[in-house]
Amino acid sequence: MANVIDFSKDSETVARALIGTTVLIDGVGGRIVETEAYDREDPASHSFSGPTPRNAVMFGPPGRVYVYRSYGIHWCLNFVCREEGHGAGVLIRAIEPTHGIDRMRERRGVEDVRLLCSGPGRLCQAMGVTRDFNGLPLDAPPFELIVPGRRAKTVSGPRIGISKAIDVPWRFGLAGSMYVSRPFR
DNA sequence: TCGAAGATTAGCT
DNA sequence: GCTAATCTTCGAT
């Protein structure tokens, strides 16, 4: 089991394993360089207060996509993990663009490759992620995951933009990457 | 029904 | 560094 992601593991493990993995939607995307883990027993998680219409997908089978609206403006992309019914997930915060860069430039309206996907809202705009993707399985088109043979070197730190559990170091990044949304220290 | 908060970003000082 | 933009969600009334 070296070149697939085991989404039945806990969110921290999956968040680490995803660093370095390439994710494509209709052939557009790149290498994941930043993730954050969320869990049912986690005050900062959407699933903390139990199932609601919005977070229903988080309580479904692992290996699916959970998409939500952020600040009424942006979309954010998550992968569901742990066993069905648990309510855990991993937020994809940044990717290094490698496939379909021109397509992403069109959708974002910016030239600088560093600004295409360095943030959860930005990468969703670049990859065309909307509510329509909510609940879709990751092992079927339009999704494609390409897991590298060897494990990427990761760094970790506190999560961004939350007001609860602010000290939990469940933000992970590819060491030395210049495509993360904010530097690690 | 009402209202407050939010896993963000871009643009300006 | 600070703040406006923008609107859905959910718990409380």
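On a predicted model such as this, the values are computed, not experimentally measured, just so you know. Chain identifiers are assigned alphabetically (A, B, ...) following the order of the sequence lines, protein sequences preceding nucleic acid strands; residue numbering begins at 1 within each chain.
Within the 4.0 angstrom heavy-atom criterion, only backbone atoms of the sugar-phosphate kind lie near A:Ser163; the bases stay farther away. Within 4.0 Å of A:Arg171, counting heavy atoms only, lies no atom of the nucleic acid at all. In this structure, A:Ile162 reaches the sugar-phosphate backbone alone: every heavy-atom distance under 4.0 Å involves primed, P, OP1 or OP2 atoms, never a base.
The cationic group of A:Arg131 does not satisfy the cation-pi geometry with A:Trp75, failing either the under 6.0 Å distance to the six-membered ring centre or the 45° limit from the ring axis.
You can see that DNA chain B meets the heavy atoms of chain A within a 4.0 Å-exclusive cut from B:dG6 to B:dA10, reading 5' to 3'.
Test A:Asp42, A:Asp10, A:Asp39, A:Asp6 against A:Arg82 for salt bridge (Lys or Arg N to Asp or Glu O under 4.0 Å) and you get one pass: A:Asp39.
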Footprint string (nucleotides 8-13 of chain C, 5' to 3'): B base within contact, S backbone only, - free, heavy atoms under 4.0 Å: -SS---

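In this structure, the side chain of A:Arg122 engages the main chain of A:Ser118 through a donor-acceptor pair within 3.5 Å. A:Asn55 places a side-chain N or O within donor-acceptor distance of the main-chain N or O of A:Gly50, the cut-off being under 3.5 Å.
Note that CD of A:Glu96 and CG of A:Leu123 are 13.5 Å apart. Values are rounded to the nearest 0.5 Å.
When the salt bridge (Lys or Arg N to Asp or Glu O under 4.0 Å) test is applied to A:Asp167, no partner is found at least two apart in sequence or on another chain. Partners of A:Tyr68 under the ring pair (Phe, Tyr, Trp, His ring centres under 6.0 Å) rule, at least two apart in sequence or in another chain, are A:His46, A:Tyr66.
The number of heavy-atom neighbours closer than 6.0 Å to CZ of A:Arg182, taken from other residues, nucleotides and ligands shown, is 12 or below. In A:Arg103, the CZ atom is not crowded: 12 or fewer heavy atoms of neighbouring residues, nucleotides or ligands sit closer than 6.0 Å.
Map A:Tyr38 and A:Gln125 each onto its nearest nucleotide of DNA chain B; the residue landing nearer the 5' end is A:Tyr38. Mapping A:Lys164 and A:Pro120 onto DNA chain B by nearest heavy atom places A:Lys164 at the nucleotide closer to the 5' end.
Both key distances under 3.5 Å define a Watson-Crick or G-U pair, and stretches of 3 or more such consecutive pairs in DNA chain B run B:1-6 with C:7-12, B:8-12 with C:1-5.
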A:Ser181 vs A:Arg93, side chain to side chain donor-acceptor pair (under 3.5 Å): CA-CA, chis, key distance, verdict: CA-CA 7 Å; A:Ser181 63; A:Arg93 285 194 57 89; 3.1 Å; yes

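Applying the side-chain hydrogen bond (donor to acceptor under 3.5 Å, both in side chains) test to every pair with at least one member in residues 134-156 of chain A, sequence neighbours left out, gives these pairs: A:Arg16-A:Thr154.
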